[in-house]
Amino acid sequence: MKKELTIFDSPKNVKRLRMGFYVALVLLLIAESFVDMHGEFSVQHFYGFYAVYGFISYVFLIFAAKVLRKIIMRKEDYYDH
């Protein structure tokens, strides 16, 4: 049986997709300078605040998932009893 190739199997396509994401992120960061932000707190008025906040939140979620995995994970035969 032959495995059907997908778009993500080619390293060239993955590189193009990653570059597209980077370009989109840079364009969104540039677009932030043209939008008047109405934040509740003074720290929200800094340029790039939402990008930094999103990145820190993403990193926190990854570490929280690793910790929760150790707490919640069951043995492989947990449901076989």
Side-chain angles (χ1 to χ4, degrees):
M1 217 192 268
K2 283 188 171 182
K3 182 184 174 197
E4 187 176 325
L5 297 177
T6 63
I7 191 171
F8 299 113
D9 289 330
S10 172
K12 185 171 66 171
N13 289 339
V14 173
K15 188 175 183 179
R16 285 180 185 167
L17 188 63
R18 186 179 298 146
M19 189 55 66
F21 283 137
Y22 292 152
V23 168
L25 291 174
V26 169
L27 289 175
L28 285 172
L29 195 60
I30 291 170
E32 184 179 345
S33 63
F34 298 108
V35 176
D36 187 26
M37 302 299 234
H38 301 284
E40 295 282 329
F41 304 102
S42 62
V43 72
Q44 291 175 320
H45 297 287
F46 290 128
Y47 183 75
F49 168 76
Y50 292 103
V52 172
Y53 180 74
F55 179 75
I56 291 172
S57 300
Y58 171 75
V59 170
F60 172 75
L61 283 173
I62 296 299
F63 285 124
K66 286 186 176 190
V67 170
L68 283 173
R69 182 176 185 264
K70 292 185 186 305
I71 294 171
I72 297 174
M73 192 170 79
R74 302 287 184 231
K75 292 184 180 181
E76 192 172 322
D77 62 345
Y78 179 76
Y79 291 106
D80 291 339
H81 289 108

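Side chains included, hydrogens not; waters and symmetry mates left out as well; all remaining heavy atoms used.
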With sequence neighbours excluded, tell me which residues meet side chain to side chain contact (heavy atoms under 4.5 Å, CB included) with Leu61. none
Report whether Val59 and Ile56 are members of the same hydrophobic cluster (ILVMFWY, side-chain heavy atoms less than 4.5 Å apart, transitive linking). no
Name each donor-acceptor pair under 3.5 Å that joins a side chain in residues 45-55 to protein atoms two or more places apart or in another chain, with its distance.
unit_1: Tyr47; atom_1: OH; unit_2: Leu29; atom_2: O; d: 2.5

Looking only at heavy atoms, the pair that brings Asp36 and His38 closest together is OD2-CE1, 3.2 Å
Assigning hydrophobic clusters by single linkage (Ile, Leu, Val, Met, Phe, Trp, Tyr; side-chain heavy-atom cutoff under 4.5 Å), is Phe63 placed with Ile71? no
Of all residues at least two apart in sequence or in a different chain, which pass the side chain to side chain contact (heavy atoms under 4.5 Å, CB included) check with Arg69? Met73
Heavy-atom count check: over 12 atoms from other residues, nucleotides or ligands less than 6.0 Å from Leu27 CG? yes
Are Val14 and Tyr22 linked, directly or through other ILVMFWY residues, by side chains that come within less than 4.5 angstrom of each other? no
Residues in side chain to side chain contact (heavy atoms under 4.5 Å, CB included) with Phe41, at least two apart? Val43, Gln44
Sequence neighbours left out, what passes side chain to side chain contact (heavy atoms under 4.5 Å, CB included) with Leu68? Give chain and number order. Ile72
Test side-chain hydrogen bond (donor to acceptor under 3.5 Å, both in side chains) applied to Thr6 - qualifying residues, sequence neighbours left out: Asp9
